[in-house]
Amino acid sequence: MNENQYIEKLNIRDEIFPELYQYAKENRVPIIDSDALNIVKNFIKLKSVKSILEVGTAIGYSGLHMLSVSDDIQLTTIELNEASYKIANENFNTYKVQDRVTHIHGDAKEVSVNGKFDMIFIDASKGNNLLFLEKYKPLLNPGGFIIVDNILLRGLIVQETIDNKNKRKLKEKVDRFNHYVKENFDHTMYFNVGDGLLVITV
């Protein structure tokens with residue numbers, strides 16, 4: 001065991017939605033890694049977040065975890081895939097949080113979202129991170145922050161030679177995004193947890 005593995009194990013908490021976690025693993029649904037999720041939930045707690053915009057619902061796993069931090073939290077979440085949208089709705093109903101969720105079915109690049117938010121969580125198509133950041137940043141409340149997941153692309157981000165053209169383009173886009181944020185925002189944090197987390201305070 002190395003130092004990173006040691007810290008990773010300490011950051012992982014008992015799973016409070018084991019059925020969803022197991023479903024995601026069995027059906028290859030991409031969900032946030034457990035250690036990264038713990039960091040996200042701690043930021044929500046530390047900043048007393050009451051309103052969250054999530055870009056990329058998937059099956060509702062991360063949304064349910066974020067809502068679990070406090071009964072006062074309201075979640076607005078966007079999902080393009082119809083099957084995932086329906087499954088997430090079922091999960092929100094199963095765990096009786098549907099009255100705290102505004103679930104939008106559509107393309108996050110195009111939909112209109114009303115309201116202001118204490119936190120924005122971006123976990124959708126990685127090549128569109130910059131577009132999502134610029135589109136939804138104006139919806140942040142003063143003192144709000146943005147978290148972006150998967151900034152390491154499962155190690156692809158540091159690979160020098162990538163034969164697959166699509167993977168190479170994705171790496172280039174995410175790398176440009178990561179550096180763009182560093183150069184254009186004064187308060188940023190890059191975490192080597194899970195698949196990489198970026199926290200931006202604006």
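Numbers here are sequence positions counted from 1.
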Shortest non-hydrogen contact from [X] to [Y]?
| X | Y | result |
| --- | --- | --- |
| Ile32 | Ser62 | CG2-CB, 4.2 Å |
| Lys109 | Phe132 | CG-CE2, 3.7 Å |
| Lys171 | Leu153 | CA-CD1, 3.8 Å |
| Asn184 | Tyr180 | ND2-O, 2.8 Å |
| Glu79 | Gly56 | OE1-C, 3.8 Å |
| Asn178 | Ile151 | ND2-O, 3.2 Å |

Test item: [X] side-chain N/O and [Y] main-chain N/O as donor-acceptor pair under 3.5 Å:
| X | Y | result |
| --- | --- | --- |
| Arg168 | Ile162 | yes |
| Asp35 | Gly194 | yes |
| Lys41 | Ala36 | no |
| Arg100 | Leu67 | yes |

Next item on the list: Hey, can you tell me if Phe92 and His103 have their rings parallel, tilted or perpendicular (30° and 60° cut-offs)?
Entry: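 Phe92 vs His103 ring planes: perpendicular.
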
Margin query: Does the plane of the ring in Phe191 sit parallel, tilted or perpendicular to the ring in Phe43? Use 30° and 60° as the thresholds.
Written below: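 Judged by the thresholds at 30° and 60°, the geometry between Phe191 and Phe43 is perpendicular.
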
Next item on the list: Would you check, one step at a time, whether the test side chain to side chain contact (heavy atoms under 4.5 Å, CB included) holds for Glu54 with Ile78?
Entry: CA-CA 6 Å; Glu54 178 184 41; Ile78 308 166; over 6 Å; no

Enter the distance from [X]:[atom1] to [Y]:[atom2] here, rounded to the nearest 0.5 Å.
| X | Y | atom1 | atom2 | value |
| --- | --- | --- | --- | --- |
| Leu131 | Glu110 | CG | CD | 9.5 Å |
| Asp118 | Leu53 | CG | CG | 11.5 Å |
| Ser84 | Tyr61 | OG | OH | 15.5 Å |
| Glu134 | Asn129 | CD | CG | 11.5 Å |
| His187 | Thr201 | NE2 | OG1 | 7.5 Å |
| Lys126 | Phe177 | NZ | CZ | 10.5 Å |

Should we count [atom1] of [X] as having more than 12 external heavy atoms under 6.0 Å?
| X | atom1 | value |
| --- | --- | --- |
| Asn27 | CG | yes |
| Lys135 | NZ | yes |
| Glu3 | CD | no |
| Lys116 | NZ | yes |

If we ignore angles and hydrogens, is there a donor and acceptor under 3.5 Å between the side chains of [X] and [Y]?
| X | Y | value |
| --- | --- | --- |
| Tyr85 | Glu90 | no |
| Asn42 | Asn38 | yes |
| Ser34 | Glu15 | no |

Check: With Asn150, which of Asp123, Ile122, Leu156 fulfils side chain to side chain contact (heavy atoms under 4.5 Å, CB included)?
Finding: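 Only one option passes, and that is Asp123.
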
Item checked: side chain to side chain contact (heavy atoms under 4.5 Å, CB included) between Val113 and Thr76, worked out -> CA-CA 8 Å; Val113 177; Thr76 296; 4.2 Å; yes

Sub-4.5 Å side-chain heavy-atom contact between [X] and [Y]:
| X | Y | answer |
| --- | --- | --- |
| Ile52 | Phe117 | no |
| Tyr136 | Ile146 | no |
| Val202 | Asp186 | no |
| Ile31 | Leu20 | no |
| Met119 | Ser51 | no |
| Ile12 | Leu10 | no |
| Asn91 | Leu64 | yes |
| Arg13 | Leu37 | no |

Next item on the list: Could you tell me whether Glu82 and Lys86 have a side-chain N and a carboxylate O separated by less than 4.0 Å?
Entry: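 A salt bridge is present here (some side-chain N lies under 4.0 Å from a carboxylate O).
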
Checklist line | Ion pair Arg154/Asp33, N-O distance below 4.0 Å | finding: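 Salt bridge flag = yes for Asp33 with Arg154.
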
Hydrophobic cluster membership, with links at side-chain heavy-atom distances under 4.5 Å among I/L/V/M/F/W/Y: are [X] and [Y] in one?
| X | Y | result |
| --- | --- | --- |
| Leu198 | Ile120 | yes |
| Leu140 | Val49 | no |
| Leu152 | Met189 | no |
| Leu80 | Val111 | no |
| Tyr6 | Ile39 | no |

Checklist line | Audit row: Val181, Leu133, side chain to side chain contact (heavy atoms under 4.5 Å, CB included) steps and yes/no | finding: CA-CA 10 Å; Val181 170; Leu133 174 65; 4.0 Å; yes

Notebook entry, point to check: Can you check side chain to side chain donor-acceptor pair (under 3.5 Å) on Ser125 and Asn128, steps first, answer last?
Noted result: CA-CA 6 Å; Ser125 56; Asn128 288 307; 2.8 Å; yes

Notebook entry, point to check: side chain to side chain contact (heavy atoms under 4.5 Å, CB included) between Phe145 and Ile200: does it pass, once the steps are laid out?
Noted result: CA-CA 6 Å; Phe145 62 102; Ile200 309 164; over 6 Å; no

